[in-house]
Each structure stands twice: as structure tokens, then as C-alpha cells.
Protein chains: 2
Amino acid sequence: MAEDVNTAVEVLQKHHLKITKQRRTMLSFLCQRPDHYTDVTSLDAYMRDFYPGMSHATIYRNVKEFEDLGLVEQQVNGDQARIKFQCDFANMHHHHFICRNCGKVTELTMCPMDFFANQLPGAQIEGHRFEMYGLCADCVAAGAE
Amino acid sequence: MAEDVNTAVEVLQKHHLKITKQRRTMLSFLCQRPDHYTDVTSLDAYMRDFYPGMSHATIYRNVKEFEDLGLVEQQVNGDQARIKFQCDFANMHHHHFICRNCGKVTELTMCPMDFFANQLPGAQIEGHRFEMYGLCADCVAAGAE
DNA sequence: TTATTAAAAAGTAACGATTACTATTAAGTA
DNA sequence: TACTTAATAGTAATCGTTACTTTTTAATAA
């Protein structure tokens, strides 16, 4: 876990970005739950609690920078953004099962793209989005909802 | 096309909802492009141009009601909602390829779910989201971007 | 057709996530 | 230790969306 933060910090350095205590705290926070999506508003609340008077703008700007660097994955559901620490910087293509109760993310192997490409002759496929959601095994066992 | 509006109106009646001229206009507008997603803000602008002084609340409330009735499909991309008239009330399960240039929607046959269910023992899968995006054949031919 | 009534619309104004902007602070480097 | 420039704080704005209250209007019955 602290491992991952250091790896992320190295990425920042490699891009000549400054290592501020705020950024380090943000990364630590995200790193605590590498397999869960976190509302950016929760991160915002946490940071402003940790550093009273910290600016919204700083948090959102850093989120965007982390995303550009591939340190976090962003996902929009409804009206607010959620992000997740990205551990495997190797960045192998994969998809997610997201638990609606606890936010836990399970990575899925295999990508369904191949089955569809030939249905769109002439089109230029630039990307895709595939997610499954529901209750993870733990939440089912705990009797959620 | 007017066909589809009438079908939608029947659905409203069936649920004891009133057929107002505003609702009829909204449905007509959406029905003009049954294979394209439209920003709700565009619909909002159109309606307020058509009925000067029309309330935002009315438009958004109706969008929500149409969605509850299955008359439109909603999809959130980024910061604003997009909707699409739902023609096939039979509502056969399918997925979409969405052109980022013109918003055109192509329905895809086959669903990738079956391949993944067995990767999540114990979980309760409640839904999924699969979309492909890029440029449709027309936009590619027209040399978009 | 007219009266009735419940739902829908208008007309504010607010809310909440996100962002622009400027002055100040602090991280990185010499 | 001083310097330079990126990062932060602080303030306020933006924009999509919604809550609330009053007024209007579609649907139904007399």
C-alpha cells in the first residue's frame, strides 16, 4: 500500500510535478482501497477535513492530473464522478464488476469487443465501455438489501 | 414517426397521465431522431424556444416520467444527460454503438454477459452496461475529424 | 356544454458538483 | 539560502438539475 503510493510519487517526479503533502495525502487515501471506487466528493470532504480550508479547486485539479497520468481511473455514475486508484500501471486492458453496495471492484478477464467489430462495417471504433454491477459475494453473504 | 408518437401517447393514457401539448411536442421532437441520443439541454433549449417561458422543471420532470414509462432511454456521458426515443417497446435486450460525432445509434445484436457470469461466483449480478463509441460509417465517409 | 378536480405547468429560486481567477505559498533546484 | 515556478488558498461563478408554490389546464362527469 505504501508501496503503491511511492510508485505513484515516482510517476509524478518523472513528469516534473511537485510532491506536495496534499497530493501525497490524496494518493494515500485512494490507495487505502485500491479495489473500490470512491466518490470524488468523499475525497473532497476527507481532504478538507484533513487540511481545513483546502480548496475544492486543488482537489479537482489534482484528480484530473492523476487521471491524465493514469494513476486513477474515473467513472461517472449519475451526477458525480468516482475514482479508483490504478495499481497496475502496466495498464492491461480489462473491465469491471462494481458492487453497488460497497463499491468493490472485481476485474474481469476477457473483453467482449471482438464479437462486435464485424457488426459495424465502415465505422471507426474508438473505444468501448463495459461494466457489470450488482452485489459482490461478500455483500450477498452479509445479506445486503 | 407520427405513428410512434401516437404509440407513446397511448402509453401515457394507459397510465392515466395527461396528454398536454408540451408533452406531445417533446415526444415529437425526440421521435424525429429515434436513432440518435439528444442532450437533455438541447431538448430544454428547443422546448423553451417553442414555448417561451416554459419551465426547466417541467421538461426535466417529463423526461423522468418518460423514462419511468420506458418511452426514452437515458444515458449519462460526462456532465449532462442524453436521451433517446425508445421505439421498440417490446424492449428486446440489446446494446449500442454511439457515434461521437453525430450521436447516431446503431443497435448491436448479441450480449456479452454470458461470457462473464461464471467469473463472479457468489455475486448477484443485477445489470450491466456495454457501449461502443467512435465514428459511424457516414461520418467516416464524410471525413469527420 | 359546463363544472369539477386532480395533475401539470409556470415562475421563481435554490442546490450541488465542478471550475475560473488572482494573490499567496511552498517544492525543487542551483 | 535564495530563486523560480508550479501548486494552493480563497473567493465566487457556472451550469445542469430540482424543490416549491401558485396558476393553469386536461380529463371526467353532470
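In what follows, chains carry the letters A, B, and so on, assigned in the order in which the sequence lines appear, proteins first and then strands, with residues in each chain numbered from 1.
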Item to check | Check: B/Lys84 side chain, B/Pro34 main-chain N or O, donor-acceptor pair, under 3.5 Å | outcome: yes
Checklist entry - Whole-Å distance between C/dT18 P and A/Arg82 CZ? => result 12 Å
Item to check | Test item: A/Gln75 and A/Tyr37 side chains (from C-beta on) under 4.5 Å apart, heavy atoms | outcome: yes
Checklist entry - Any side-chain N or O of B/Tyr60 less than 4.0 Å from the OP1 or OP2 oxygen of D/dT18? => result no
Item to check | Over 12 non-hydrogen atoms of neighbours within 6.0 angstrom of NE2 in B/His15 | outcome: yes
Checklist entry - CD1 of A/Ile19 versus C1' of C/dG28: gap in Å, rounded? => result 10 Å
Next on the checklist: Just the rounded figure in Å: distance from P of D/dG16 to CD1 of B/Ile59.
Outcome noted: 13 Å
Item to check | Interatomic distance, A/Gln74 CD vs C/dA17 C1' [rounded to whole Å] | outcome: 12 Å
Checklist entry - Whole Å only: how far is the CG atom of A/Leu12 from the P atom of D/dT8? => result 10 Å
Checklist entry - How does each nucleotide of nucleotides 7-14 of chain C score, in 5' to 3' order, for protein heavy atoms under 4.0 Å: base (B), sugar-phosphate only (S), or none (-)? => result BSBBB---
Checklist entry - When you measure from the side chain of A/Ser42 to the backbone N and O of A/Thr38, does any donor-acceptor pair fall under 3.5 Å? => result no
Checklist outcome for this item: Taken to the nearest whole Å, CD/A/Gln13 to C1'/D/dA7 is 16 Å
Checklist entry - For C/dT18, does either OP1 or OP2 sit under 4.0 Å from a side-chain N or O belonging to A/Lys64? => result no
Checklist entry - Does any N or O in the side chain of B/Arg48 come within less than 3.5 Å of the main-chain N or O of B/Met54, such that one atom is a donor and the other an acceptor? => result yes
Item to check | Residue list, ring pair (Phe, Tyr, Trp, His ring centres under 6.0 Å) with B/Tyr46, at least two apart or on another chain | outcome: B/Phe29, B/Phe50
Item to check | Donor-acceptor contact below 3.5 Å, side chain A/Tyr51 vs main chain A/Lys21 | outcome: yes
Next on the checklist: Quick check on the helix from C/dT1-D/dA30 to C/dA30-D/dT1: what's the angle between its two end axes, five base pairs per end, to the nearest 10°?
Outcome noted: 30°
Checklist entry - Under 4.5 Å between any side-chain heavy atoms of B/Leu27 and B/Phe66, yes or no? => result yes
Item to check | Residues A/Arg23, A/Val9; criterion side chain to side chain contact (heavy atoms under 4.5 Å, CB included); working and verdict | outcome: CA-CA 9 Å; A/Arg23 282 179 174 168; A/Val9 165; over 6 Å; no
Next on the checklist: Rounding to an integer number of Å, can you tell me how far A/Asp68 CG sits from D/dA7 C1'?
Outcome noted: 16 Å
